[in-house]
> 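Shown below is the structure under consideration.
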Amino acid sequence: MIKFIFIRLLQAIPVLLIVMTITFVLIHAAPGGPFSAERAVPPEVIEALNAQYNLDDPVHVQFFIYLNNVLHGDFGPSFKYTGRSVTEVIAAGMPITFELGLYAMLIALILGISAGVIASLKPNTMQDYVPMSLAMTGICLPTFVMGPLMVLVFAIWLDWLPVSGWGYIPGDKILPSLTLGFAYAAYIARLSRGGMLEILSQDFIRTARAKGLSTAAIVFRHALRGGMQPVVSFMGPALAGLLSGSFVVETIFQIPGMGRYFVQAAFNRDYTLILGTTIFFATLIIIFNLLADIVTVWLNPRLRDSSNSSN
Amino acid sequence: MTARMTSRHIRTNISTRLFLVISGIIIIAVSTSCSLDWESNVESGNRDQILHYGNGEEPQEIDPHLTTGIPEFNIQLALFEGIVSKHPSNLGIEPGVAESWDISEDQLIYTFHFRDNARWSNGDPVTAHDFVYSWERALRPELGSLYSYMFIYIKNADEFVKGKIKDFSKVGIKALDERTLQVELNAATPFFLQLLDHHSYYPVHPPTIEKFGGMLKRGSQWSRPGNFVGNGSFVLKEWKLNRILIVEKSKTYWDADKVKLKEIYFYPVQNNSTEERMFRAGQLHITSTVPNEKIAEYRKTNPDSLNITPYLGTYFYRFNTKVKPLDDVRVRRALSMSINRKQIVEHITKGGQIPAYTFTPPNTNGFTSVAKFKYDIEAAQKLLVEAGYPDGKDFPNLEIIYNTDESHRMVAIAIQQMWKKALNINVTLANQDWQVYLENETQGNYQISRAGWIGDYLDPNNFLDMLLTDGGNNRTRWSNSEYDANIAAAALAVEKEERFKLFQRNEQILVDESPVMPIYTYTRVFLIKPSVIGWDQNILDQHPYKYVSLQAD
């Protein structure tokens, strides 16, 4: 197991390097630059700015300067937010995006798994169709529709919750978490239904039923562990998606998280911020995928044995 | 039918009940975790004199020499004060740090006398030396101020920015003593006082700048809460990236008695629909904009909250005058004559914009062009025949570029159809990412491009000097020696009538040669709670906060 983790971590290094190189080349190839402005600026000023940020060096020299800085833990200053380092910008946004992602994930898991399990107990009956149709609606309804709709109902008509914000007014974290959570709850519902159906048709479940165990005991003690495997494998990419893809929800609810920088930096040609956020998210995705793999192995005795024997 | 069956089913099933219970718990948790009768920002703000302001974007920086944007300026207006300031409604020049000034007869030398109670927020007096230091900083090319061109009217300032002069003492800015500043200009510049209220002319506190890395350090920490020192009516209290920026009333400001607001909260709300919802829920007093599709609704149901005022800016199209067939003045005029500007503002932009038949917005500091662009389809068709394209025959396909934005797209579509209908010519549209669009426009790599220009100061020169031969903002590659000569002569003219005559002539040249096609004069459209007092309408949309207060219900 340790060897497995070690190899995966080792593989991450070239992956990150490639991600970084491609991003670097792409952003420098894109037209415009961090200092292009609508109003004409004297060329002398632009030259001075380029010199300050090493933008007058050839691109490969800039790349090695950047690589060297990154290896020393320095992601450079943001071009757009003068006076803020990329590390500072990421550090300010990350905890918020994490928190939002965590709540959304919890909501998604609770709603998704319960709906999936309930549906799987009586497949092809109303008990299956209702939660699954809801899940389908959830998948089809994008967050940019769901978010404003929820705001309209709960914040403006009912006046129960704040329209926007994150930690300014009590209760302002609820709507964004729900909006983001619902989209993923829908996927999880479908996956857990599928996983459960497969497990529930196996012999050991029939044995458990024959012993006269209650449905609850069968579900919670025997079926859930195996039935959740597809959900667990989905959680790695889902968590990464929740964190890097919260842009829409962050915008709708005016949340100062990371998602906005990830998108805005590209429009602003904020080279260092683009690179910083890309490397950061790439690292996260690698870590979450690894974690998901570890949990999958741990949940499935067959895989566990094979990974042990390969050791 | 299905719904009825569904509910019966749910009622009868135990596990479904489990599902309902869980969902129920979540809904209850949702509704109880917040108090249902929370006081809105607007209510508490009105009581405590705290203004909640939707400010568009996260400020890049608040250092007045490093920013170019309006959200940044809205904050700087609270934190700094120039040598002079402006009247909140008529924009007349009012005393600022200087309580009086003398202008030499030839209008080349301005001498400013500072008030003795002008103070920095740490209590230091604001001196003439501080201004000399600040303006040197703004002009040093190493700092990279994108607005250094605002200083070119001062003697040798342009040479200093371009590195031709290294010695700042040769630039026409001198402190005669602690409280007297003398500025020498290249030529009589009647709008010079107007410029002094621009953020690039704001002073910074030299000891603070020196403490955090010196005059030339970009991105120094001096502008952070705790470090910040300013001379405005407010002082920086809190700044959380992308979340909020709070300023509080300055105790040391010379006119503090007049300041009624205690604090201003600036929210960087980029999404205008979110902003509108925040306004509706009482989280904001003022928004930076209104979604186009909501304007009609507000007009109908809540006109008191909707603010539409003329704005010193022109929305126009540039023609690249070096590409065929746009190198032919008849073609350019025909294109310009065949668009119905009135229809565009009434049915597309809908925000009260004014159809523009002149390049300089009407009544810019008393100047309104006599020459007008016309809407005349018959004349346009005739011009096109003369140019060799009767009924659009053999007319090459043209392309309009615009930066990605729904309203730019809608305007372009309308113009495309108007040209097709009136002249039977085909135009394609290309939306481009902002940076790509800028690059193409500045490189002359386009045929027709969408453009906008918002005035920095209240004078026709701010619009007309854009189209000087090879001017950085010209970009049409159009050149006219008479036009250039008139701008140069206007800069030297002392009498207002003489200047305006030259500007009138230039507007006529623009109509005749049509290197640009004005479409509409901008308006500022935003939402404001009726409890905000003193937010006077003006063409620059500048609202000095010391005149603003909130009325409790």
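We name chains A, B, ... by the order of the sequence lines, and we start the count at 1 in each one. Treat the numbers as computed from the prediction; the structure is a model and nothing was measured.
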> Should we say atom CZ of A:F144 is surrounded by more than 12 heavy atoms from elsewhere, each under 6.0 Å from it?
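No, not enclosed.
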> In terms of heavy-atom pairs under 4.5 Å, which option from B:I454, B:N440, B:I244 contacts chain A the most?
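Of B:I454, B:N440, B:I244, B:I454 has the most heavy-atom pairs under 4.5 Å with chain A.
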> Considering only heavy atoms, which portion of B:P59 lies under 4.5 Å from any heavy atom of chain A: side chain, backbone, both, or neither?
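The answer is the backbone of B:P59.
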> With chain A as the partner, which of B:L66, B:N271, B:L438 has the greatest number of non-hydrogen pairs under 4.5 Å?
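Going by pairs under 4.5 Å, I would pick B:L438.
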> Mind listing the closest non-hydrogen atom pair of A:V163 and B:A281 along with its distance?
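Here A:V163 and B:A281 meet closest at CG2-CB, 2.9 Å.
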> Between A:Q264 and chain B, which part of the residue has a heavy atom less than 4.5 Å away: side chain, backbone, both or neither?
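When you check distances to chain B, only side chain atoms of A:Q264 fall under 4.5 Å.
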> Kindly determine whether A:K80 and B:E57 satisfy salt bridge (Lys or Arg N to Asp or Glu O under 4.0 Å), including the steps that lead there.
CA-CA 12 Å; A:K80 160 121 187 179; B:E57 266 187 80; 3.2 Å; yes
> Which of the residues B:T442, B:D456, B:N474 is involved in the greatest number of heavy-atom pairs with chain A at under 4.5 angstrom?
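When all of B:T442, B:D456, B:N474 are compared, B:D456 has the most.
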> Name the region of A:L158, side chain, backbone, both or neither, that has any atom closer than 4.5 Å to a heavy atom of chain B.
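For A:L158, there is no contact with chain B at all, as no heavy atom is under 4.5 Å.
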> Assess, by modelled atom type and distance only, whether the side chains of A:S164 and B:Q283 contain a donor and an acceptor separated by less than 3.5 Å.
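Yes, because at least one side-chain N or O of A:S164 sits under 3.5 Å from a partner of the opposite role on B:Q283.
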> To the nearest 0.5 Å, what is the distance between OG1 (A:T82) and CZ (B:R218)?
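One finds 5.5 Å between OG1 of A:T82 and CZ of B:R218.
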> Of all of B:D158, B:L146, B:T67, B:D63, which one pairs up most often with chain A through heavy atoms under 4.5 Å apart?
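Greatest number of close heavy-atom pairs with chain A: B:L146.
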> Tell me, for A:I96 versus chain B, whether the close heavy atoms (under 4.5 Å) come from the side chain, the backbone, both or neither.
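For A:I96, the contact with chain B is made by the side chain alone.
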> Return the minimal non-hydrogen interatomic distance between A:A92 and B:L241, and the atom names on each side.
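That would be CB-CD2, 4.1 Å.
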> With a 4.5 angstrom heavy-atom cut-off, is it the side chain or the backbone of B:Q221 that approaches chain A, or both, or neither?
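The side chain, not the backbone.
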> State, yes or no, whether a side-chain contact exists between A:Y261 and B:N242 at a heavy-atom distance under 4.5 Å.
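In contact.
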> Once rounded to the nearest 0.5 Å, what's the spacing between atom CZ of A:R84 and atom CH2 of B:W239?
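Here the rounded value is 4.5 Å.
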> Would you check, one step at a time, whether the test side-chain contact (heavy atoms from CB on, under 4.5 Å) holds for B:E58 with A:Y81?
CA-CA 9 Å; B:E58 169 67 17; A:Y81 303 107; 3.5 Å; yes
> Could you have a look at B:M466, B:R243, B:R475 and say which one has the most heavy-atom pairs with chain A under 4.5 angstrom?
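If we count pairs closer than 4.5 Å to chain A, B:R243 comes out on top.
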> A:F267 versus B:Q435: any side-chain heavy-atom pair under 4.5 Å?
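Sidechains of B:Q435 and A:F267: no contact.
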> Mind checking whether A:I252 and B:R277 have side chains closer than 4.5 Å, heavy atoms only?
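Yes. Closest side-chain heavy atoms under 4.5 Å.
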> With salt bridge (Lys or Arg N to Asp or Glu O under 4.0 Å) as the criterion, how do B:R140 and A:E44 come out once you've worked through the C-alpha distance, each side chain's angles and the decisive distance to 0.1 Å?
CA-CA 10 Å; B:R140 289 285 287 262; A:E44 292 80 7; over 6 Å; no
> Heavy-atom distances under 4.5 Å only: say whether B:T68 touches chain A with side chain, backbone, both or neither.
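Answer is neither: B:T68 stays 4.5 Å or more from chain A.
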> One pair to check against side-chain contact (heavy atoms from CB on, under 4.5 Å): A:R260 and B:Q270. What are the steps and the verdict?
CA-CA 10 Å; A:R260 266 209 270 178; B:Q270 233 171 1; 4.0 Å; yes
> I'd like to know which of A:N268, A:V117, A:T251 tops the heavy-atom pair count under 4.5 Å against chain B.
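Highest number of pairs under 4.5 Å: A:T251.
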> Is A:Y129 in contact with chain B via its backbone, its side chain, both, or neither, using a 4.5 Å heavy-atom distance?
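For A:Y129, neither part sits under 4.5 Å from chain B.
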> Once you round to the nearest 0.5 Å, how far does CD of A:Q52 lie from CD of B:E142?
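That separation rounds to 8.5 Å.
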> Checking heavy atoms, do the side chain of B:E276, its backbone, both or neither come under 4.5 Å from chain A?
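Neither part, no heavy atoms under 4.5 Å.
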> Please classify the contact between B:Y437 and chain A as side chain, backbone, both or neither, with a heavy-atom cut-off of under 4.5 Å.
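No part of B:Y437 comes within 4.5 Å of chain A.
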> Between B:E441 and chain A, which part of the residue has a heavy atom less than 4.5 Å away: side chain, backbone, both or neither?
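Answer is neither: B:E441 stays 4.5 Å or more from chain A.
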> For chain A, which of B:Q60, B:K217, B:E439, B:K240 has the most heavy-atom pairs under 4.5 Å?
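Sorted descending by pairs with chain A, the first entry is B:Q60.
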> Under a 4.5 Å heavy-atom cut-off, does chain A meet the side chain of B:S145, its backbone, both or neither?
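The answer is the backbone of B:S145.
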> Quick check for you: among A:S78, A:P256, A:A48, which has the greatest number of heavy-atom pairs under 4.5 Å with chain B?
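Among the listed options, the one with the most contacts to chain B is A:P256.
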> Considering only heavy atoms, which portion of B:N473 lies under 4.5 Å from any heavy atom of chain A: side chain, backbone, both, or neither?
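B:N473 touches chain A through backbone and side-chain heavy atoms alike.
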> Would you mind telling me which of A:G165, A:G257, A:P148 has the largest number of heavy-atom pairs within less than 4.5 Å of chain B?
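Option with the greatest count: A:P148.
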> Kindly give the heavy-atom pair with the smallest separation between B:L143 and A:L49, and that separation in Å.
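That closest heavy-atom pairing would be O-CD2, 4.2 Å.
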